[in-house]
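Contents: one structure, followed by commentary.
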Amino acid sequence: MNSILGVQRFGERYIDLVTRDRKQIRARLEKKCQARSFYSGFYMEKSSDGQICADRDILHSRTGSKCEIDRFRLLVPE
């Protein structure tokens with residue numbers, strides 16, 4: 001969680017998380033959420049284990065939306 005530097009929108013329900021070590025992780029948001037709500041970033045409550053987990057943690061956009069992550073996918077360049 002502490003290694004996330006930024007976020008980029010990808011499609012309607014996906015956001016890409018960029019980490020300090022330059023990895024990109026694509027997060028699919030739950031069905032009711034729109035990725036465009038996260039254009040200005042997000043925050044979340046720190047969990048006891050310091051991780052971000054699908055089907056557990058809720059992202060809060062700076063515009064007021066709340067979304068749970070359905071799943072993660074590590075993006076690997078070809």
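A quick note: this is a predicted structure, and the numbers were derived from the prediction, not measured.
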If you look at every heavy atom in [X] and [Y], which pair is closest and at what distance?
X   : Y   : answer
R13 : C33 : CG-O, 3.7 Å
A54 : D70 : CB-O, 3.4 Å
S61 : S37 : CB-O, 3.1 Å

Share the residues that join F10 in a hydrophobic cluster, the rule being Ile, Leu, Val, Met, Phe, Trp or Tyr side chains under 4.5 Å apart at the heavy-atom level.
-> Y14
When rounded to the nearest 0.5 angstrom, what is the spacing between [atom1] in [X] and [atom2] in [Y]?
X   : Y   : atom1 : atom2 : value
S3  : I52 : OG    : CD1   : 8.0 Å
K66 : L59 : NZ    : CG    : 12.5 Å
R73 : I25 : CZ    : CD1   : 13.0 Å
I69 : R26 : CD1   : CZ    : 13.0 Å
L74 : Q24 : CG    : CD    : 9.5 Å
Q34 : L29 : CD    : CG    : 9.0 Å

Would a hydrophobic clustering, with Ile, Leu, Val, Met, Phe, Trp and Tyr connected at side-chain separations under 4.5 Å, put V76 with L17?
-> yes
Is V18 reachable from I15 through a run of I, L, V, M, F, W or Y residues, each pair having side-chain heavy atoms under 4.5 Å apart?
-> no
Close side-chain approach of M44 to I58, heavy-atom, < 4.5 Å | no
N/O donor-acceptor pair under 3.5 Å between R20 side chain and R22 backbone | no
For the pair E30 (side chain) and E68 (backbone), establish whether a donor and an acceptor sit closer than 3.5 Å, ignoring hydrogens and angles.
-> yes
Would the number of heavy atoms belonging to other residues, nucleotides or ligands and lying under 6.0 Å from CZ of R56 be above 12?
-> yes
